[in-house]
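Data first, discussion second: the structure below is written as structure tokens.
When reading the values below, keep in mind they use all heavy atoms of this one structure, side chains included, and skip hydrogens, waters and symmetry mates. Throughout, numbering of the chain's residues begins at 1 and tracks the sequence.
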Amino acid sequence: MTNAMAHPATIVIAGGGLAAAKGAEALREEGFDGRIVLASRERHLPYERPPLSKEYLQGASERDKIFVHDEAWYRDHDVDLRLGAEVTAVDASGHRVTLADGDDLGYDRLLLATGSTPRRLPVPGADGDNVRYLRTVDDSDRLRDTLAAAGRVVVVGAGWIGLETAAAARIAGAQVTVVETQPKPLAAVLGSPVSDVFTALHREHGVDFAFNARTSEITGSAVVLDDGARLDADTVIVGVGAAPDVELARSAGLSVDDGVTVGADLRTSNPDVFAVGDIANAYHPLLGRHVRVEHWANALNQPSVAARAMLGKPASYENLPYFFTDQYDLGMEYVGLPDPTRDTEVVIRGDLDAREFIAFWLQNGQVTAAMNVNVWDVTDQTQALIRARTPVDRAALADKNVPLADLE
């Protein structure tokens, strides 16, 4: 058995996405010269997921573009890549893992990067042949092939994935209806009037919406709503959120609460096990609370912090949550995270109707999040406003003639 301060000889990475690949990369960059085993469920090289609902799904990007590294990189950096051989069991006290191919490995440090899985729709027919969920590159390939032939598509869920796939379906020429239980898309995240921008955008491109509607059944040719209405559908795309894949962590006896509970150094309740990406419910020093966000930026940036911590170096993850989307001619970046327990005020700088603006979310007069829509090169300044944690003048914030840097 090792202890938390001993220099590791073997590090196992459980996962096969961006966070896992970046974990291996960061360990080598930090000077770790021991054994690295990266054990992935999928048989593809580790890849990034955002393109799967964006440019790759739309056919605007080649498959080679999604991979984090090519095969030669893992060989050149002496990373033992186990594709199709995910970690199936963890013996935390014995510092051992079991792989899907039956191999049993000892480790000094373990990095969990198991990601998340799409939430299934709990209605009859939700696993029918005409129903698509989007998580893997194979899912994206199937959906892209389907959209090329589908005449009528119903998307269940008007979150980010739902809206991005709706855009891809319209670009492919399908008739699209989006079903959403709330009165607006992204209502809980954006609120009015920003969510109205996305409604108008999609309606301009021919998307129909069924708001305040619940799916009660999916048949081979339709989505049936709870009021009995039937929406004809050749293909149904379900995008109702994702759940962190915490089964390994739970079976290993780690603290699990909406993901794997970790400190700012991404260390779990076991000193030799770390967690990054979608599953990490991490203490954030600036926000003063634990946060878990399923954003690409966490998978990209958390592994370097975990790598330093695994090697006994000072480490703290303090990046603000960051997210981006591209839908039709709208590009957006979102940074920050409002406290869901506090009242929020939205201030707009720019033109909502022209879809060129920055939206700021204020709590107690302080900026806690910002979203720039078709306005670029401002995230450094919006992040500075959030990090300042001081009240701002609302009129100046809304006035695009006042430089953002003057508000810090």
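Summarising the geometry of A359 relative to V194, their closest heavy-atom pair is CB-CG2, 3.9 Å, with the distance given to 0.1 Å. Of all heavy-atom pairs spanning R135 and S116, the tightest one is NE-O, 2.9 Å. Among all heavy-atom pairs drawn from V246 and G259, the shortest one is CG1-CA, 3.8 Å. In terms of heavy-atom proximity, A309 sits nearest to A315 at N-CB, 3.8 Å. The two residues D70 and L45 make their nearest non-hydrogen contact at C-CD1, 4.0 Å. Scanning both residues, I218 and A126, for their nearest heavy atoms gives CD1-CA, 4.1 Å.
P8 is listed as a side-chain neighbour of L311, based on a closest heavy-atom distance under 4.5 Å. Contact annotation: the side chain of R63 approaches that of D141 to within less than 4.5 Å [non-hydrogen atoms, C-beta and beyond]. Inter-residue side-chain proximity for V87 and L99 is flagged as met; some heavy-atom pair is nearer than 4.5 Å. Looking only at side-chain heavy atoms (C-beta outward), W73 and D76 stay at 4.5 Å or farther from each other. Side-chain contact check for Y107 versus V273: some heavy-atom pair is nearer than 4.5 Å. At a threshold of 4.5 Å between non-hydrogen side-chain atoms, the residues L330 and V197 count as touching. Side-chain contact between Y322 and H295 is absent, with no heavy atoms from C-beta onward closer than 4.5 Å. Residues V178 and H202 have side chains not in contact (no heavy-atom distance under 4.5 Å, counting atoms from C-beta outward).
Taken to the nearest 0.5 Å, the OG1 atom of T10 stands 6.5 Å off from the CZ atom of F32. To the nearest 0.5 angstrom, T181 atom OG1 is 5.0 Å from R214 atom CZ. Taking CD1 from I11 and CZ from R35, the interatomic distance works out to 12.0 Å, rounded to the nearest 0.5 Å. The line from CD1 of I13 to CZ of R109 is 13.5 Å long, rounded to the nearest 0.5 Å. The structure places CG of L385 at 9.5 Å from CG of L362, a figure rounded to the nearest 0.5 Å. Atom CD1 of I36 and atom CG of L27 lie 4.5 Å apart (nearest 0.5 Å).
Evaluation of the salt bridge (Lys or Arg N to Asp or Glu O under 4.0 Å) rule for R203 yields no partner, not counting sequence neighbours. Shown here are the salt bridge (Lys or Arg N to Asp or Glu O under 4.0 Å) partners of R132, two or more places apart in sequence or in another chain: there are none. Applying the side chain to side chain donor-acceptor pair (under 3.5 Å) rule to E25 yields the partners K22, H69; only residues at least two apart in sequence or on another chain are considered. Partners of R170 according to the side chain to side chain contact (heavy atoms under 4.5 Å, CB included) rule, which considers only residues two or more places apart in sequence or in another chain, are V176, V207, Y328. Residues satisfying the salt bridge (Lys or Arg N to Asp or Glu O under 4.0 Å) criterion with D139, sequence neighbours excluded, are R142. With sequence neighbours left out, the side chain to side chain donor-acceptor pair (under 3.5 Å) criterion links N270 to no other residue. Considering only residues two or more places apart in sequence or on other chains, E217 meets the side chain to side chain contact (heavy atoms under 4.5 Å, CB included) condition with P124, T219, V224. Remark: T325 engages E164, Q327 in a side chain to side chain donor-acceptor pair (under 3.5 Å) (not counting sequence neighbours). By the side chain to side chain donor-acceptor pair (under 3.5 Å) test, E294 is found to be paired with R292, residues two or more places apart in sequence or in another chain being considered. Under the rule for a side chain to side chain contact (heavy atoms under 4.5 Å, CB included), the partners of R41 that lie at least two apart in sequence or sit in another chain are E86, D245.
The closest donor-acceptor contact from the side chain of R349 to the backbone of L397 lies under 3.5 Å. Side-chain N or O atoms of H284 include one that pairs as donor or acceptor with a backbone N or O of N319 at under 3.5 Å. Under the 3.5 Å distance criterion, the side-chain polar atoms of T88 are matched with a main-chain donor or acceptor of T98. A donor-acceptor contact shorter than 3.5 Å links the side chain of R28 to the backbone of D78. Remark: side-chain polar atoms of N301 are paired, donor with acceptor, to backbone N or O of A297 under 3.5 angstrom. S195 places no side-chain N or O within 3.5 Å of a backbone atom of K184 that could act as its donor or acceptor partner. A distance-only check finds a donor-acceptor pair linking the side chain of D234 to the backbone of R152 [under 3.5 Å]. Checking side-chain atoms of S140 against main-chain N and O of V137 turns up no donor-acceptor pair under 3.5 Å. Looking only at distances, a side-chain donor or acceptor of E180 sits under 3.5 Å from a matching main-chain atom of Q182. At least one donor-acceptor pair closer than 3.5 Å links the side chain of N281 to the backbone N or O of D257.
In the displayed structure, K65 atom NZ is contacted under 6.0 Å by at most 12 heavy atoms of other residues, nucleotides or ligands. In the displayed structure, D104 atom CG is contacted under 6.0 Å by more than 12 heavy atoms of other residues, nucleotides or ligands. When the shell of 6.0 Å around CZ of R43 is examined, it contains 12 or fewer heavy atoms from other residues, nucleotides or ligands. Atom CG of D227 sits in a crowded spot, with more than 12 heavy atoms from other residues, nucleotides or ligands closer than 6.0 Å.
Remark: the N298 side chain and the Y317 side chain contain an N/O donor-acceptor pair separated by less than 3.5 Å. Inspection of the E42 and S40 side chains reveals no N or O donor paired with an N or O acceptor under 3.5 Å. T136 and D138 form no side-chain donor-acceptor contact under 3.5 Å, judged by distance and modelled atom types alone.
Screening residues 377-394 for salt bridge (charged side-chain N to carboxylate O under 4.0 Å, His left out) gives E345-R394 as the qualifying pairs, with residues at least two apart or on separate chains. Within the structure, the ring-ring contact (aromatic ring centres under 6.0 Å, His included) test picks out the following pairs touching residues 338-379 (sequence neighbours left out): Y334-W361.
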- Query: What do the steps show when you test Y133 against D127 for side-chain contact (heavy atoms from CB on, under 4.5 Å), and what is the final call?
  - Reply: CA-CA 9 Å; Y133 293 83; D127 290 312; 4.1 Å; yes

- Item | Worked check of side-chain hydrogen bond (donor to acceptor under 3.5 Å, both in side chains) between E356 and N374 | CA-CA 5 Å; E356 291 185 7; N374 290 339; 5.8 Å; no

- Task: Please lay out, stage by stage, how R82 and L105 fare under the test side-chain contact (heavy atoms from CB on, under 4.5 Å).
- Result: CA-CA 12 Å; R82 304 288 188 95; L105 303 173; 4.2 Å; yes

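Using a 30° and 60° split on the angle between ring planes, F211 and F209 fall in the parallel class, below 30°.
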